[in-house]
Colleague: 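Have a look at the structure that comes next, please.
Remember, it's 1-based here, ligands and their atoms both numbered in the order they're listed.
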Amino acid sequence: MTDTAHVVSGRKLRDKLLVQAAEVSASLRGRNLPPRLAVVLVGENPASLVYVQSKMKAAESCGIDSTLLTLPAQTDQATLNTTIEQLNTDPSVNGILLQLPLPSHLDRDTALDAISPAKDVDGLTPTNVGLLELKRDGLKPCTPLGIMRILESIGTKLKGIDAVMIGRSDLVGRPMASLLAQEEATVTMCHRYTKDIGLYLKSADLVIVAAGSPELVKGKQLKPGATVIDVGITPVTDDEGKRRILGDCAFDSCKDVAAYITPVPGGVGPMTVASLMTNTLDATCRQHGLPLPEWKIR
Ligand code: NAD
């Protein structure tokens with residue numbers, strides 16, 4: 001057993017990246033190329049509204065202009081796609097973020113397919129997914145990119161380690177597993193139909209959990225000294241009526257066994273937002289034929 005784990009602050013790392021992002025934005029502005037992020041929100045999902053506000057606040061803090069396009073919940077697919085296509089051709093817009101989930105009558109894939117890959121700062125279009133799989137330059141999804149940066153910040157060696165990814169969504173689990181495998185980790189993907197997750201956890205050097213299942217992973221399941229990255233966000237109301245957010249790991253018990261652990265909130269979430277900013281600036285630079293910024297995390 002190790003002593004209690006080092007708790008990795010995603011907020012501190014975010015702030016480090018936002019300082020660099022502000023410098024890149026200022027230099028783009030100096031060339032009369034102000035970076036702009038357009039956020040498309042359909043309907044009034046309260047959680048989505050909170051996420052959108054935090055992304056726009058981060059953009060403002062680092063000198064990226066942002067525009068919010070709010071479409072009514074009953075918007076049809078053609079109108080949504082036309083809105084996206086207008087942003088594709090608007091030269092003042094460098095990044096397009098379609099806030100998910102969409103209302104159930106809209107098809108997510110059809111809408112994502114409409115986003116120009118060059119402006120796809122969430123890295124979810126088929127082109128960027130393909131580029132990631134091929135380990136070629138493109139825009140990577142913000143949460144896996146943020147997690148790779150967290151791992152870099154704590155000096156995690158990925159080559160040859162055993163990693164377990166719980167969750168296999170397009171947004172987090174699948175791209176995350178690809179990035180780890182590209183760095184020569186041996187990656188096991190678990191999901192809701194995995195027969196015995198504990199079997200894989202007990203030998204895992206790195207555990208990343210993105211299941212949306214509160215406190216799914218317990219300390220006693222972990223290999224001592226493991227690195228634990230908790231992506232889960234589940235809002236709950238406790239017995240006293242207080243609202244709080246639970247992660248996918250039982251933090252206290254995991255902290256006693258792991259060497260490194262990310263908290264919820266304050267771990268992966270802030271790094272997702274920071275990576276959206278760096279993606280927007282990368283996209284802006286690429287669109288203007290400028291070299292990509294170097295993002296320093298250590
Ligand atoms: P999703 O619902 O698309 O996918 C969940 C995955 O987890 C599925 O593959 C499912 O098979 C698996 N799963 C669910 N319950 C499980 C269980 N009990 N055991 C094993 N596997 C299980 O979710 P998502 O979009 O990847 O998000 C996952 C979680 O991460 C959610 O809580 C979400 O809010 C959170 N999230 C956080 C951030 C962030 O920035 N912190 C970003 C994206 C998602």
Side-chain angles (χ1 to χ4, degrees), residues 7-14 17-18 39 45-58 97-102 104 108-109 112 121-124 129 132 140-151 163-180 187-202 204 207-218 221-222 228-236 243-251 254 261-279:
V7 180
V8 189
S9 168
R11 291 190 178 125
K12 276 195 191 149
L13 293 172
R14 169 199 61 195
L17 281 175
L18 291 187
V39 181
N45 178 328
S48 293
L49 211 54
V50 172
Y51 290 137
V52 163
Q53 281 162 352
S54 86
K55 289 166 187 175
M56 295 182 74
K57 198 172 141 209
L97 173 88
L98 176 63
Q99 184 64 41
L100 301 173
L102 295 174
S104 57
R108 187 192 91 137
D109 290 348
L112 288 175
V121 286
D122 241 353
L124 294 177
V129 172
L132 182 144
K140 297 186 176 72
C142 301
T143 302
L145 178 57
I147 293 171
M148 290 302 278
R149 287 171 167 161
I150 290 174
L151 296 174
V164 165
M165 177 70 236
I166 303 181
R168 58 168 177 195
S169 66
D170 296 345
L171 202 64
V172 188
R174 283 205 275 145
M176 189 71 244
S178 293
L179 291 173
L180 296 174
V187 186
T188 304
M189 287 191 73
C190 298
H191 46 79
R192 75 174 87 242
Y193 300 110
T194 302
K195 279 188 270 182
D196 181 2
I197 288 180
L199 189 67
Y200 306 101
L201 285 178
K202 70 181 180 197
V207 177
I208 303 181
V209 200
S213 178
E215 308 196 333
L216 174 69
V217 172
K218 319 272 189 253
Q221 296 176 290
L222 296 172
V228 177
I229 307 288
D230 190 348
V231 186
I233 299 179
T234 306
V236 292
R243 305 260 298 152
R244 61 193 188 107
I245 308 247
L246 287 182
D248 285 347
C249 299
F251 183 78
C254 289
I261 188 166
T262 58
V264 176
V268 173
M271 284 302 283
T272 297
V273 175
S275 295
L276 175 65
M277 301 305 126
T278 62
N279 272 353

Colleague: Please enumerate all residues that pass side chain to side chain contact (heavy atoms under 4.5 Å, CB included) together with D230, with sequence neighbours excluded.
Modeller: D248, C249, T262, V264

Colleague: Enumerate the residue pairs fulfilling side chain to side chain donor-acceptor pair (under 3.5 Å) with a member in residues 142-151, sequence neighbours excluded, ordered by first and then second residue.
Modeller: T143-T272, R149-S275, R149-T278

Colleague: Less than 3.5 Å apart, N/O on ligand 1 and N/O on the protein: could you list those pairs with the distances?
Modeller:
unit_1: ligand 1; atom_1: 9 (O); unit_2: R168; atom_2: N; d: 2.9
unit_1: ligand 1; atom_1: 11 (O); unit_2: R192; atom_2: N; d: 3.0
unit_1: ligand 1; atom_1: 21 (N); unit_2: R192; atom_2: N; d: 3.2
unit_1: ligand 1; atom_1: 26 (O); unit_2: S169; atom_2: OG; d: 2.5
unit_1: ligand 1; atom_1: 32 (O); unit_2: I233; atom_2: N; d: 3.0
unit_1: ligand 1; atom_1: 32 (O); unit_2: I233; atom_2: O; d: 3.2
unit_1: ligand 1; atom_1: 34 (O); unit_2: I233; atom_2: O; d: 3.4
unit_1: ligand 1; atom_1: 40 (O); unit_2: T272; atom_2: OG1; d: 2.8
unit_1: ligand 1; atom_1: 41 (N); unit_2: V231; atom_2: O; d: 3.4

Colleague: Name all residues meeting the salt bridge (charged side-chain N to carboxylate O under 4.0 Å, His left out) criterion together with R174; count only those two or more places apart in sequence or in a different chain, and write none if there are none.
Modeller: D170

Colleague: If you compare all heavy atoms of A274 against all heavy atoms of L18, which two are closest, and at what distance to 0.1 Å?
Modeller: CA-CD2, 4.4 Å

Colleague: Other residues, nucleotides and ligands only: do more than 12 of their heavy atoms fall within 6.0 Å of CZ on F251?
Modeller: yes

Colleague: Which residue, I229, L13, L276, forms the side-chain contact (heavy atoms from CB on, under 4.5 Å) with M271?
Modeller: L13

